[in-house]
Structure formats: structure tokens, C-alpha cells
J.: 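Dropping a structure here in C-alpha cells format, bear with me for questions.
Keep in mind that the numbers below use all heavy atoms, side chains included, and drop hydrogens, waters and symmetry copies. Note that the structure is a prediction, hence the values are computed from the model and not measured.
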Amino acid sequence: MDKTEIISRIGYIRVRAKITQKALSYAIGMNPSYINRLESKKDFLPSLEVLFKIIEVCGSTEEEFFSRDIAEYDKNKQLFEKIKAMPEDVKGWVLNCDTDLMNLFIKINQKLEDNK
């Protein structure tokens with residue numbers, strides 16, 4: 001994850017949490033323009049300590065923040081929990097599924113999403 005992605009994710013979780021830049025700056029003990037400068041100038045990164053405070057104040061977790069796709073985190077976590085609950089033989093079957101079958105499943109899922 002590069003600097004631009006980290007800053008983008010900070011903005012994403014802040015907006016999602018409906019916290020202003022100024023309010024977040026105060027909440028993490030920084031000057032009122034800290035988050036504005038971070039998000040707009042993109043010329044520095046917060047320390048890990050400050051980043052973890054930002055994540056906490058915005059109601060996120062380190063796991064979510066650093067996940068591969070933050071926007072799909074909840075869906076991926078739900079899917080992972082369902083997979084964890086599967087019996088081992090079913091997990092093996094899923095892992096060895098035919099590629100064509102998996103592609104068909106993806107197409108069906110896309111059509112369902114398109115019809116929502």
C-alpha cells in the first residue's frame with residue numbers, strides 16, 4: 001500500500017464516519033488543520049500512533065483499514081466467516097471447483113447485482 005492509498009483510505013473512513021477534518025484533527029490531539037493538510041496536500045504520512053488513533057476515532061479497525069479492498073471489507077469478512085464454518089470436506093470441494101463452474105457462479109452473481 002503506497003502513501004496515496006493510505007491517505008485515500010483515511011479520507012474514506014473519515015467521510016464514512018461523518019467526521020469533519022477539523023473534528024478528527026481535534027479528536028486525535030492535533031492542530032485543527034492537520035487532517036486537511038494530510039488529505040489535500042498529500043505531502044506527508046501520519047506516524048503509526050496517529051494513524052491508529054485516526055482508525056479508532058473513525059470507528060474502523062486496523063484489519064479493515066489495511067484489508068485488500070476496504071469498500072468490500074464487510075462482504076469479504078462475512079464470506080470468510082461462512083467459509084470458516086464449512087466442514088473441511090466442503091472447503092476442499094470449493095477449493096477444487098472447476099473453473100467453469102466458478103465463472104458461472106460469478107456471472108449469476110453479477111446478474112443478481114445488476115437486477116437490484
J.: Kindly indicate whether the side chain of Leu51, heavy atoms from C-beta on, has any atom under 4.5 Å from the side chain of Leu45.
T.: no

J.: Of the non-hydrogen atoms in Ala27 and Val57, which two are nearest, and what is the gap between them?
T.: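 Nearest pair, atom of Ala27 first, then Val57: CB-CG1, 3.8 Å.
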
J.: Ile6 and Met1: which non-hydrogen atoms are nearest, and at how many Å?
T.: CG1-SD, 3.6 Å

J.: Is it true that, when you exclude Glu81 itself, more than 12 heavy atoms of the residues, nucleotides or ligands shown sit nearer than 6.0 Å to its CD?
T.: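 Yes, because the 6.0 Å sphere around CD of Glu81 holds more than 12 heavy atoms from other groups.
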
J.: Is there a path from Leu38 to Phe66 through hydrophobic residues (I, L, V, M, F, W, Y) whose side chains come within less than 4.5 Å of each other?
T.: yes

J.: Are Ile54 and Phe44 connected, step by step, through hydrophobic side chains (Ile, Leu, Val, Met, Phe, Trp, Tyr) whose heavy atoms are closer than 4.5 Å?
T.: yes

J.: Would a 4.5 Å heavy-atom cut-off, applied to side chains only, mark Ile35 and Ile28 as touching?
T.: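 Answer yes - side chains close enough.
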
J.: Kindly compute the distance separating NZ (Lys77) from CG (Asp74), expressed to the nearest 0.5 Å.
T.: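 Output value for this atom pair is 8.0 Å.
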
J.: List the atom of Met86, the atom of Val90, and the distance in Å for their closest heavy-atom pair.
T.: SD-CG1, 3.7 Å

J.: What I'd like to find out is whether the side chain of Leu24 reaches to under 4.5 Å of the side chain of Tyr34, using heavy atoms alone.
T.: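 The answer is no; the side chains never approach within 4.5 Å.
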
J.: Are more than 12 heavy atoms from other residues, nucleotides or ligands located less than 6.0 Å from atom NZ of Lys3?
T.: yes

J.: Looking at every non-hydrogen atom in both residues, tell me the closest pair between Ile10 and Phe65 and how far apart they are.
T.: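 Scanning both residues, the minimum pair turns out to be N-CE1, 3.7 Å.
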
J.: How far apart are the C-alpha atoms of Gln21 and Ser40, what are their side-chain angles, what is the distance that settles it, and do they pass the side-chain contact (heavy atoms from CB on, under 4.5 Å) test?
T.: CA-CA 11 Å; Gln21 291 175 334; Ser40 62; 5.9 Å; no

J.: Below 4.5 Å, heavy atoms only, C-beta onward: do Gln110 and Glu113 meet side chain to side chain?
T.: no

J.: Which heavy atom of Ser67 sits nearest a heavy atom of Arg9, and at what distance?
T.: O-NH1, 2.7 Å

J.: Say you draw a straight line from CZ of Arg14 to CD of Glu39; how long is it, rounded to the nearest 0.5 Å?
T.: 4.0 Å

J.: Regarding Lys53 and Glu56, does a basic nitrogen lie under 4.0 Å from an acidic carboxylate oxygen?
T.: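 No, no charged N to carboxylate O under 4.0 Å.
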
J.: Test of understanding: clusters of I, L, V, M, F, W, Y form through side-chain heavy atoms closer than 4.5 Å, transitively. Do Phe80 and Trp93 belong to the same one?
T.: no

J.: Measuring from atom CD of Gln78 to atom NZ of Lys82, what distance do you get when rounded to the nearest 0.5 angstrom?
T.: 6.5 Å

J.: May I have the step-by-step check of side-chain contact (heavy atoms from CB on, under 4.5 Å) for Lys91 and Glu88, ending in yes or no?
T.: CA-CA 5 Å; Lys91 289 179 190 174; Glu88 291 302 315; 3.1 Å; yes

J.: Give the cluster check for Leu48 versus Val50: same hydrophobic cluster or not, with ILVMFWY residues linked at side-chain heavy-atom distances below 4.5 Å.
T.: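 Same cluster: Leu48 reaches Val50 through Ile, Leu, Val, Met, Phe, Trp or Tyr contacts under 4.5 Å.
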
J.: Considering all heavy atoms of both residues, which atom of Ser33 and which atom of Ser25 are nearest to each other, and what is their separation?
T.: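 Closest heavy-atom pair between Ser33 and Ser25: C-OG, 4.2 Å.
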
J.: Would you say the side chain of Met30 lies within less than 4.5 Å of the side chain of Pro46, judging by non-hydrogen atoms?
T.: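 Heavy-atom side-chain distance check fails, nothing below 4.5 Å.
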
J.: Using the rule that two of Ile, Leu, Val, Met, Phe, Trp, Tyr join whenever any of their side-chain heavy atoms come within less than 4.5 Å, decide whether Ile13 and Tyr26 are in one cluster.
T.: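 In one cluster with Ile13: Tyr26, no.
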
